[in-house]
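Naming: A, B, ... by sequence-line order, numbering from 1 per chain.
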Amino acid sequence: MTIESDVLVLGGGGAGCSAALHLARRGSKVTLLERGLVGSQASGVNYGGVRQQGRHPAELPIARRSREIWGRLKELVGCDAEFSITGHLKLARNADEEADLIAYLDTARAYDLPLRMIGRNAIHREYPWLGPDVVAGSLAPDDGSANPRLLSPALAHAARAAGAAVHEQTEITSYDRLNGRFVLKARNGAEFRAPILVNMAGYWGGAVAAAFGEAVPIEPLSPNMLVTEPTTYFIKPNLGVVGGNIYLRQIPRGNVIVGGGHGESDPAVPWSRPLPEVTLQNFNYALQLVPALAGLHVIRSWSGIDGQMPDHIPVIGPSRTTPGLFHAFGFSGHGFQLGPAIGAIMSELVLDGHSDVPLEAFQIDRWNVQPAVREA
Amino acid sequence: MKIAVVGAGPAGVRAVEVLVAAGHRPIWIDEAPDGGGRIYQRPPAALRRNARELYGFESTKAAALHGCLDRLKPLVDWRPETLVWHIHPGRKTLYMLNGGMQATAAYDAVLLCTGAMDRVIPLQGWTQPGVTTLGAAQIAVKAQGCAIGHRVALVGTGPLLWLVAHQYAKAGAQVAVVIDTTSLASLAAAAPGLLRDSITFAKGLYYMGSVKARGIPTVHGAIPLAIEHDETAVTGVRFRDARGREQRVACDAVGMGWGLKPESQLADLAGIPFDFDPLQHNWLPERDATGRTPVASHYLAGDGASIGGAAVAELAGARAAWAILQDAGRAIDTAAVRRLDRALARQRKIRAALERAFPFPVRLAADLADDIILCRCEGLRAGELRAAAVSDLNRTKALTRTGMGRCQGRICGVAASEVLAAAVNQETATLGRLRGQPPVKPMPVTSLPAREHAA
């Protein structure tokens, strides 16, 4: 079986499904290839933060654009993936962290991201359930959260409706380019051909890039997540901290979702699992922020696999080795919020040859030509 | 050599007995205060009655097992009231919770004897107070000396249904009705197989006969329709009998269950692969007749590996202990091992006949009405699962929240699989099983420092 398309999108995470949707809406004959089920890895099992605050300055224009798409997700795909604007409250636990929050205000202002600094006294007045170690906070009122389990399936559903072919359970075993056309062979025997290939395969995107002669230093990243039994709904904002070692949010149903640190994984299986000592450490960090969580029962913990780049920002843009090949992978834990816009941007790169969003910082050859950008 | 045994039911006790006799001092962990497993669960000291009264025919076995357990406790690193909430097979480490304190234990070999729980099929009204599993109804009588209600209906199928009915009647509780979803014809067809073990068969007949002799109404081949209730309590149970007539029996409590399923979460977390066993209609961790699994140093025995009952668990526990010793290069008693192997082979045939006698009623689960609550933790109804059904149980879970609550699918998973299989018109075995995730059971968020333990 050989399937011809205009564009092959490799990887059915949120970004890949969004790319398939945007390309199909603009009339491309697009085929999405996913090894498992859409949204099985990082896109489907992440924390669910829809956060702009604290993003790397290079990511902020994408984050702003994505936030706009999140706001109209329901009309775009028929499902809001439980997106809710709760605000993102980033907390400082000491004076140094407070200084970090203040320093970021200028970055946010430069990208029109509204932030409100909340000082030592006000923070405990406004959020009386915060622990005494919290000294300040910065609230991004437009940020929020969504249900990661729903985003990719919803985008894939809409992509199908727009005419895209979505092939799940289709693991690609070989990549070739013959006479200007990419030829991808799947384990199930199918062959996929197209003049354009968009590599959005998360951690595994690194291997795809390497297959076309541009290896990058990518590592698997496995978040250490847990969820508690439901309790009274009292934590409205999505909570984070300077340094990012703990993040937590509560859904209106009452469950509290807590993440922090990293689990372990084997991308070859693929398999991932949280680490018990990290889970227990997260108890301590979470209780420091919200002491009232003590005694609440954890009912499940989990992880997944994302790709982490050394500078903690993704690879986005055209290949430097292969005409017709485009990359967007290695989201380093930021892909859930960025995904919807990444899909739109990739459709522009493919169909228009450029995007209005600046992408220089994300070039695939940045490790060869310049020192790694340090995260702000 | 550090050996860990998880579970102090019939399998765990007989395993530790072998290990201690061979000169080992294993760490031995059990969730309950006093071991014995579910079948031989002991009442708190203040409620102790004589074994004969508590365990009936099994009193000799129960007394022997308890005696063995008590004798072994001082010879091992005994950890009662301790939940093993996670296992890391690569590190060979158990993660435990006891009295709110975290602890770890390293092992060179581990034997998981984690037991079983009731298999539940939701019915209209099953989430009402006063409705329990058959196992819980039995433990109320055995360990607490009380019944689940004044007028109790027992619904389901399998040997446990009739045993609980017998025990309730004997304890003086009023049993309103016993509703067995298995037909007498199905039982009769399996009788020749069951006769392989005339004692088991005789006991089964005795329990059934004892219940009938006491004038308790019994129904075979019935379809339970609903548990009726008012605002505060269960008021009755409605069912269709084998002739298709709808009946109602007044009661104030219901115990229900359709056989057992392994509590196999630790085996899952240990990375042991699972297969669907069509005869038991359960997902079972892979292990051979000796208790060895595809994951080296990890062994399984008892109902946590495959439903076989207490007698099989005792044999399998001892057999797995010998496997551990043999794999460690220790001398083994080959005559004893041969005896165990022969006894286990014989029991497997009896068990197969028993499974055929009391088959899991797939249709009852698959045909749940749309408005029946399927997943009680998340308040999800059968119709909601059908509306979102895709050909993968874990994906359907992700889309609907089935099995995402406190029980993590331990209660609803069986029925959810059948509802889904019927909705997508596929075999249950092709849809996958709910993946295990730590913690094995809900675990409190606590800031107490972790305490290190070596076995």
Side-chain angles (χ1 to χ4, degrees), chain A residues 36-40 44-45 79 131 147-154 157 168-169 224-231 248 251 253-256 258 263-264 266 269 271-277 279-288 290-303, chain B residues 83-91 93-97 100-104 265 268-271 377-380 388 390-410 432 434-452:
Chain A
L37 298 175
V38 297
S40 291
V45 301
C79 163
N147 186 337
R149 300 190 311 272
L150 304 181
L151 178 70
S152 302
H157 184 78
E168 295 180 303
Q169 310 288 6
N224 209 96
M225 306 301 309
L226 66 85
V227 63
T228 72
E229 63 189 331
T231 187
L248 68 91
I251 58 172
R253 174 166 167 69
N255 307 78
V256 181
V258 180
E264 57 181 338
D266 180 353
V269 176
W271 169 93
S272 61
R273 186 158 285 161
L275 282 169
E277 66 274 18
T279 297
L280 297 177
Q281 179 64 64
N282 287 347
F283 286 5
N284 285 330
Y285 288 141
L287 289 170
Q288 187 187 19
V290 188
L293 296 179
L296 201 58
H297 282 80
V298 175
I299 58 176
R300 179 175 66 256
S301 64
W302 70 92
S303 189
Chain B
L83 168 72
V84 178
W85 64 270
H86 193 24
I87 182 171
H88 193 298
R91 296 173 176 174
T93 299
L94 300 174
Y95 296 83
M96 307 180 291
L97 180 70
M101 294 292 284
Q102 292 286 341
T104 61
Q265 304 97 310
D268 193 357
L269 293 174
C377 297
E378 295 294 332
L380 183 100
V390 294
S391 299
D392 181 288
L393 185 57
N394 284 296
R395 177 48 58 103
T396 306
K397 165 184 165 181
L399 295 174
T400 61
R401 311 188 79 92
T402 312
M404 294 190 89
R406 274 188 70 96
C407 88
Q408 287 295 294
R410 290 165 66 233
L434 293 174
R435 280 187 294 262
Q437 302 278 23
V440 160
K441 287 182 184 167
M443 175 171 79
V445 173
T446 154
S447 61
L448 291 172
R451 186 173 56 179
E452 290 299 316

Sub-4.5 Å side-chain heavy-atom contact between [X] and [Y]:
| X | Y | value |
| --- | --- | --- |
| A:Asn255 | B:Arg401 | yes |
| B:Arg91 | A:Pro276 | yes |
| A:Leu275 | B:His88 | yes |
| A:Arg149 | B:Lys397 | no |

Query raised in the report: Where on B:Cys377 is there a heavy atom nearer than 4.5 Å to chain A: the side chain, the backbone, both, or neither?
Result: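 Backbone only.
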
Which pair of non-hydrogen atoms, one from [X] and one from [Y], has the smallest distance, and what is that distance?
| X | Y | result |
| --- | --- | --- |
| B:Leu269 | A:Arg273 | O-NH1, 3.0 Å |
| A:Leu280 | B:Trp85 | CD2-CZ2, 4.2 Å |
| B:His86 | A:Pro274 | NE2-O, 4.2 Å |
| B:Thr446 | A:Asn284 | O-OD1, 4.3 Å |
| B:Ala398 | A:Leu150 | O-CD2, 4.2 Å |
| A:Pro153 | B:Arg395 | CG-NH1, 3.7 Å |

Let me know if [X] has heavy atoms under 4.5 Å from chain B in its side chain, its backbone, both or neither.
| X | value |
| --- | --- |
| A:Val256 | neither |
| A:Gln281 | neither |
| A:Ser40 | both |

Report task. Sequence neighbours left out, what passes salt bridge (Lys or Arg N to Asp or Glu O under 4.0 Å) with B:Asp392? Give chain and number order. Result ->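 Counting only residues at least two positions away or on another chain, B:Asp392 forms no salt bridge (Lys or Arg N to Asp or Glu O under 4.0 Å).
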
Report summary line: Residue set satisfying salt bridge (Lys or Arg N to Asp or Glu O under 4.0 Å) with B:Arg435, at least two apart, ordered chain then number -> none

Query raised in the report: Looking only at atom types and distance, does a side-chain atom of A:Arg300 sit under 3.5 Å from a main-chain N or O of B:Gln408, one as donor and one as acceptor?
Result: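 Such a contact is absent between A:Arg300 side chain and B:Gln408 backbone.
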
Requested in this report: Working to the nearest 0.5 Å, report the span between OG of B:Ser447 and CG of A:Leu293.
Outcome: 11.5 Å

